[in-house]
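Below is one structure, written out as structure tokens, with a few remarks after it.
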Amino acid sequence: TPGMITREIITKGIRTIFPHATILKKHSFSQGLMNRTILLTIKKPSKEVIFRIYPKELWKAEKERFLYQITKKRGIPVPRCLGSGKNYLILSKVEGTPLPVDNAHAVAQAGEVLGKIHSIPFQAFGWIVGTTIKPAFKTWFDFLVFDTKEKCKKIPTKKGTSELKKTVLKILKKSKP
């Protein structure tokens, strides 16, 4: 089945960096929308790693690896990329717990890290595809209009949707700085 992630695919990927590894246990996380994230317990070497695969959009694995490199250089805590293939990454497992949203101090610390991530400069505005920005725009607003039009194309044509698309674009154009 297209998009199916088999044990053989995972084992082949893991063995590109750990040739004698055996997968002892795997746990799939359900949160990923664009990717599948799997915690693997392996032996030879004995460790836990994250196997993240992009079944449909191959370029996203390269993009994620690129973004980890950029963020790590700025002192932002991210997993280490242990290896990769055309549509997957093998990452170090980062210990931690889910963010306790009722803890103001922890939320503020997470906000500081997110602020560092959002302050990373790029040469242009656009989609990060692999290690480049395509298409590249000089202003955030120009990219926002382009991106919104592209997303509107993906909205199924049903009663009222064409009017919705026109309204969204009209509001966006009125808000031009």
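Computation of the quantities below employed the complete heavy-atom set of this structure, encompassing side-chain atoms and omitting hydrogens, waters and symmetry-equivalent molecules.
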Angle class for the H27/F29 ring planes (parallel below 30°, perpendicular above 60°, tilted otherwise)? perpendicular
CG of N35 to CZ of R52: how many Å apart, nearest 0.5 Å? 5.0 Å
Step by step, work out the side chain to side chain contact (heavy atoms under 4.5 Å, CB included) result for W127 and E150. CA-CA 12 Å; W127 293 321; E150 290 300 306; 3.7 Å; yes
Nearest 0.5 angstrom please: T71 OG1 to F66 CZ, how far? 10.0 Å
Side chain to side chain contact (heavy atoms under 4.5 Å, CB included), that's the test. Do T37 and I50 meet it? Break it down for me. CA-CA 7 Å; T37 301; I50 300 295; 3.6 Å; yes
Got a second to check how far E64's CD is from W59's CH2, nearest 0.5 Å? 11.5 Å
Measuring centre to centre across the rings, with the benzene-like ring taken for any Trp, is Y54 within less than 6.0 Å of Y88? no
Heavy-atom count around K26 NZ within 6.0 Å, excluding the residue itself: above 12? yes
Salt bridge present between E163 and K165 (N-O < 4.0 angstrom): no
Rounded to the nearest 0.5 Å, what separation is found between the NE2 atom of H20 and the CZ atom of R15? 9.5 Å
Contact summary for K63 and I128, nearest pair of heavy atoms: CD-O, 3.1 Å
Can you measure from SG (C152) to CG (D147) and round to the nearest 0.5 angstrom? 9.5 Å
Residue list, side chain to side chain donor-acceptor pair (under 3.5 Å) with K44, at least two apart or on another chain: none
With sequence neighbours excluded, residues passing side chain to side chain contact (heavy atoms under 4.5 Å, CB included) with P45: F18, I42, K47
Quick one: list whatever passes side chain to side chain contact (heavy atoms under 4.5 Å, CB included) with V107, sequence neighbours left out. L99
Correct closest heavy-atom pair for W140 and F125 would be N-CD1, 3.4 Å
Could you check whether any side-chain heavy atom of S28 comes within less than 4.5 Å of a side-chain heavy atom of R36, counting everything from C-beta outward? yes
Counting neighbours of CZ on R80 that are heavy atoms of other residues, nucleotides or ligands and sit closer than 6.0 Å, is the number greater than 12? no
Show, in sequence, the C-alpha distance, side-chain angles and deciding distance for K72 and I76, and conclude whether the side chain to side chain contact (heavy atoms under 4.5 Å, CB included) test is met. CA-CA 5 Å; K72 186 176 180 122; I76 298 165; over 6 Å; no
Reported CD1-to-OG distance for the pair I53 and S84, which is rounded to 0.5 angstrom: 12.0 Å
